[in-house]
Structure formats: C-alpha cells, structure tokens
Amino acid sequence: MHIIDRRRDPSGKSLANRQRFIRRSRALVKRAVQEASQKKSIKDIGQGGEISVPAGGVHEPAFRRSGEGGVKEYVLPGNKTHVEGDLIPRPEGGGGSGGYGGDGEDEFRFVLSDEEFMDLFLEDLELPDLAKRQIMGEDQTEPRRAGYRTSGPPSAISIPRTLRNSLSRRIALRRPSPDEVAALEARLAEEERAGASEDVLAATRSEIERQHRRLVAIPFIDPIDVRYRRFDNEPVPVAQAVIFCLMDVSGSMDEHRKDLAKRFYSLLYLFLSRRYRRVEVVFIRHTHEAKEVDEDTFFHSPETGGTIVSTALEAMIAIANDRFPAREWNIYAAQASDGDNLPTDNATSVALLKNVILPMCQYYAYVEVGSRDDSKAGRPGGSTLWRNFELLLGADVPMAMRRVNDRSDIYPVFRELFEKKSARASAAT
C-alpha cells in the first residue's frame, strides 16, 4: 500500500514531519485492517473495502508560537452570562472538532483494494526459521562474476584489467615513456652546449624522432586492451517448505468445532498461497484412521468416526520420509483438534511427537478448538491431549499451543502463531 500526501507544501512544515505523518497513517490503517478482519467471514477475508481510522491520529504535527506565557485575561464581546471564575459546562452532543454544539468529523475513511487489504493483513506474518535452502534450477537466478570479455556496455568496463592489458602491450612493444623522450631531449641540449659534432647531434635528433614516431604508433590504450566484466546467471538456493495440516474430523468434533478448525486452516492456506511460492501443503484428515486428501475433501467431506490422534502423526511421518526429506525441506505442521483422544493412544502420540516429528520440524502449531461454553467456563486444565502435549513445551522446542473457542479468537491466535520474530520481540519490549 502506498499513501500519497497530495497537500500543497505549507510554510513552516518540514519534509521529516510529512514523512512521519505518512508512516503514522499507515500504522493506523494497518491496525484498522486487523480489527476489521476479525469481523469478516472466511470467504470475505481477502476482500478490501472501507477502513476507518480516528481523525486525531492523522493530523500533521506542527510547531506553534506559544507567546510570552503566563496567565492571560481576555475580554470577549457579547458575553452576558459568565463572569471571571465561572466554570463553563461541556456542551452536549457533537463530536470531533466541531466546537460548541456543532457536528464534527471523527473518522477518516480509506477504501482499500483486495490486494492492499491482504498486503497489510499479512505484512508481519512469516513461517518461522525458514532456513534450509536448495538449488531448484528454475527461474530464480542472480548474476555472478564470471571473468572478462572483449565487448559489452560502457558501464561494464573494467578499468583495472584494461590498464593492466595496456601496460603489458606497451612493455612488450617497447613503447618509450615520456621520461625517456625527455631524457633524450635533455641530452641533445647538453650536446649542443658542449659543441658536439654534427654527426653526434644528427644521431641524437634521429633517435628523438624515432621515439616520437613510436609514441604515436603505439597508443597508450588500444581497443584490444579494453576488457568488460562478464556476468553469468546462476541459480539461487531457494527455501522450500511443506506444511502438514492435520484435522480431527471425529464424532466429537461437532459443527461448531469443525467450523473453527476449517476457518483456521482456510486462513492458513490463504496466507501460504499469497506469501510463498515454494510451499507445499499436505492435507490429512483423521478419525480412528488417517489419510491424505485433496483440498476439497479436506474442507468439505462429511466423514466422521472415532478418534486416534497417532494415526495422523504416523501418516505425516510416512509422507515426510517418502516425499519431503528433512535435510532438504523446511517442515511445518498445524494440528487442529478438540483434544478428545483414545486414552491409551495419548502416550503413543506424545512419543511420536517428541522423538520423531519435533526433531524434524521447524515449527509445530497445535490449536485446540472448543465450544462457546468452554470459553465461559474457562476449562483451565484443557483436554487430556492438551495436558500431555503441554509437557513437551520448552524454550528450545519448536512448538506452540493455543485454544480457540469462538470465531473471534481465530485471527488473534493465527497472528500469535505466525507473527514475525522482529514484531514479536518489539511487542515484548
């Protein structure tokens, strides 16, 4: 998004003030976008529209003369009600800067396109620790130095290499230097003063003429000396990533919980598809058994059944080992579940997560979806699965856990899980 200030330059206003105004306006619009996104449905999240920001936040700062200071008394014409010391009550109604009883404008409105809205909404989000890079051999290249060539644009001339070639050629052809010619001329003058014979003077003059002809015949820089820097396009290592979306669709996941999980995954899919080119998405649904499905089946299939979480984790491990080796791929996972699991399977799920999945993952996000009653009751202990997974958390463990009980919780939780490190650090300080 680009904010253009089209106001004329007023007197007494500096460029720095105007730049601060534009930066502050952008921050206000971005905050308004985040607030508006919480009220949108998932199908409308990528659409722009009208955004309102407080009027007081976009006033351009300016210095004003304060006068002599101190207490001042004013005589105002037309006053028949108040005397010195009276307190004037605040007028009722009206907003903004309208004054007594007037109407004010308390908001600025920006109309954002779909692209501008999504750019601002996703600006400070990222996949954490996207580190492993591979040569993919496709369209991403960058120029690298590859020696020199004899032709090219003037901007690519290599002056050091050109002068080096010129010096080598002049030495090889024994081109006289200006100092050598000056020494011959000084010797001729000395011989003339000493009264040397005509033969000696003629020989010296002949040598001087020959050296002058060689100076002209052998130029200081010849076209064959010129060299141009050469660049070849080499493939750039590209960070490639895969994210596994594991969703519980068992019978304990009612329509409300499934709706929360689908909204979270829809937002995640939108984020990945718009921000990254080389991110594969693997969809895994599970009940008492797990299977990889396509996008349409993942979001719309009505399948249901019992719950065994370890089946989804085992399916993820098998797919990763077969198609996405950890030495080449940045592996991420996002799991959504209501926390209901077969009691005898909890230990198996924790062991798979601790010993296999977390060591090969860059980041693992677990989102537990609940009902609206859960948010009112608090459910401080969480589910059994939550309590078991919580034991794995630590400073060096690439795992995060969040609860979502209502639609309004999805966007704040999503931003917490995928916020940039720099933004997270600045917020903490």
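Note that the structure is predicted; figures quoted are calculated from it, not measured.
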Practice problem: Decide yes or no on ring-ring contact (aromatic ring centres under 6.0 Å, His included) for F244 and Y332, but give the supporting numbers first. | Solution: CA-CA 6 Å; F244 290 86; Y332 299 85; over 10 Å; no
Quiz item: Are F298 and Y265 close enough that their ring centers fall under 6.0 Å?
Solution: yes
Quiz item: Looking at D232 and R230, does any basic side-chain N land under 4.0 Å from a carboxylate oxygen?
Solution: yes
Quiz item: Within a strict 4.5 Å, meaning less than it, do heavy atoms of the I331 and Q362 side chains meet?
Solution: no
Quiz item: Given side chains that start at C-beta, do those of S337 and E368 come closer than 4.5 Å, heavy atoms only?
Solution: no
Quiz item: Can you tell if the side chain of D409 reaches within under 4.5 Å of the side chain of L260, non-hydrogen atoms only?
Solution: no
Practice problem: Enumerate the residue pairs fulfilling salt bridge (charged side-chain N to carboxylate O under 4.0 Å, His left out) with a member in residues 163-175, sequence neighbours excluded, ordered by first and then second residue. | Solution: R169-D225
Exercise. Please examine the side chains of R387 and N346, heavy atoms only from C-beta on, and report whether any two atoms are closer than 4.5 Å.
Key: no
Quiz prompt | V282 side chain reached by R323 side chain, heavy atoms, under 4.5 Å | solution = yes
Self-check item: Distance in Å, R149 CZ paired with Y228 OH, rounded so as to fall on 0.5 Å steps
Solution: 9.5 Å
Quiz item: What distance do M360 atom CE and N355 atom CG have between them, rounded to the nearest 0.5 Å?
Solution: 12.0 Å
Practice problem: Report yes if some heavy atom in the side chain of H286 is under 4.5 Å from a heavy atom in the side chain of V309; otherwise report no. | Solution: yes
Quiz item: How close do S349 and S310 get, heavy atom to heavy atom, and via which atoms?
Solution: OG-N, 3.4 Å
Quiz item: With sequence neighbours left out, what residues match V413 under side-chain contact (heavy atoms from CB on, under 4.5 Å)?
Solution: R402, V404, L417
Practice problem: Would you indicate whether the side-chain heavy atoms of M247 and I284 approach each other to under 4.5 Å? | Solution: no
Quiz item: So do N321 and I317 actually touch side chain to side chain, heavy atoms under 4.5 Å?
Solution: yes
Self-check item: Under the side-chain contact (heavy atoms from CB on, under 4.5 Å) test, residues paired with V350 that sit two or more places apart
Solution: N388, F389, L392
Quiz item: Which pairs with one or both residues in residues 151-162 pass side-chain hydrogen bond (donor to acceptor under 3.5 Å, both in side chains), sequence neighbours excluded?
Solution: none
Exercise. Can you tell me which residue pairs pass the salt bridge (charged side-chain N to carboxylate O under 4.0 Å, His left out) test with a partner in residues 190-206, sequence neighbours excluded?
Key: R187-E191, E190-R193, E192-R205
Quiz prompt | L391: side-chain contact (heavy atoms from CB on, under 4.5 Å) partners, not counting sequence neighbours | solution = none
